[in-house]
Amino acid sequence: MASVTSPFVVGATVAAAALGGRYMIAAWQAFKARPAIPRIRRFYPGGFQPAMTRREAALILGVREHAAMQKIKEAYRRVVAANHPDAGGSQYLASKINEAKDVLMGKTRGSGSAF
């Protein structure tokens with residue numbers, strides 16, 4: 001009886017391996033064909049422009065160009081708290097954040113940075 005079951009077990013094992021391999025190949029192809037969704041938030045890759053625009057100010061604060069005043073104030077508080085000079089941040093970045101808030105709130109036309 002052992003001589004009959006041995007080829008049967010080997011055949012079943014080979015068939016299971018073939019079906020498993022076929023499934024894995026199909027799953028890999030489906031994985032590669034899926035659309036690429038960025039999982040990491042992308043940041044603005046450049047330096048500052050000579051005269052700050054509304055677009056640049058919105059990028060600095062992380063809001064839309066025509067955001068509500070309340071959203072601008074919340075974003076300003078969040079960003080300036082992370083970059084304040086008293087907390088180890090840069091004076092230059094703090095001035096740019098202040099300038100961005102002023103530009104978006106309509107208090108200045110830009111390029112009012114001390115640097």
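Note that the structure is a prediction, hence the values are computed from the model and not measured.
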For [X] and [Y], which heavy atoms make the closest approach, and how far apart are they?
X: Leu61; Y: Ala75; answer: O-CB, 3.4 Å
X: Ala81; Y: Ala87; answer: O-CB, 4.4 Å
X: Pro85; Y: Ser90; answer: CG-O, 4.1 Å

Spatial distance of atom [atom1] ([X]) from atom [atom2] ([Y]) [nearest 0.5 Å]:
X: Leu104; Y: Tyr76; atom1: CG; atom2: OH; answer: 12.5 Å
X: Leu19; Y: Met24; atom1: CG; atom2: CE; answer: 13.5 Å
X: Glu65; Y: Ile72; atom1: CD; atom2: CD1; answer: 10.5 Å
X: Glu56; Y: Glu99; atom1: CD; atom2: CD; answer: 7.5 Å
X: Ile97; Y: Tyr92; atom1: CD1; atom2: OH; answer: 11.5 Å
X: Phe48; Y: Leu93; atom1: CZ; atom2: CG; answer: 5.5 Å

**Asked** Would a 4.5 Å heavy-atom cut-off, applied to side chains only, mark Trp28 and Lys32 as touching?
**Response**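 Yes, side chains in contact.
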**Any Lys73 side-chain heavy atom under 4.5 Å of Lys101 side chain** =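 Result no, sub-4.5 Å side-chain heavy-atom pair not found.
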**Asked** Is it the case that one hydrophobic cluster holds both Tyr23 and Phe31, taking links as side-chain heavy atoms less than 4.5 Å apart, direct or via other members?
**Response**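 Tyr23 and Phe31: separate clusters.
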**Message:** Between Glu74 and Lys71, does any NZ, NE, NH1 or NH2 come within less than 4.0 Å of an OD or OE carboxylate oxygen?
**Reply:**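 No, no charged N to carboxylate O under 4.0 Å.
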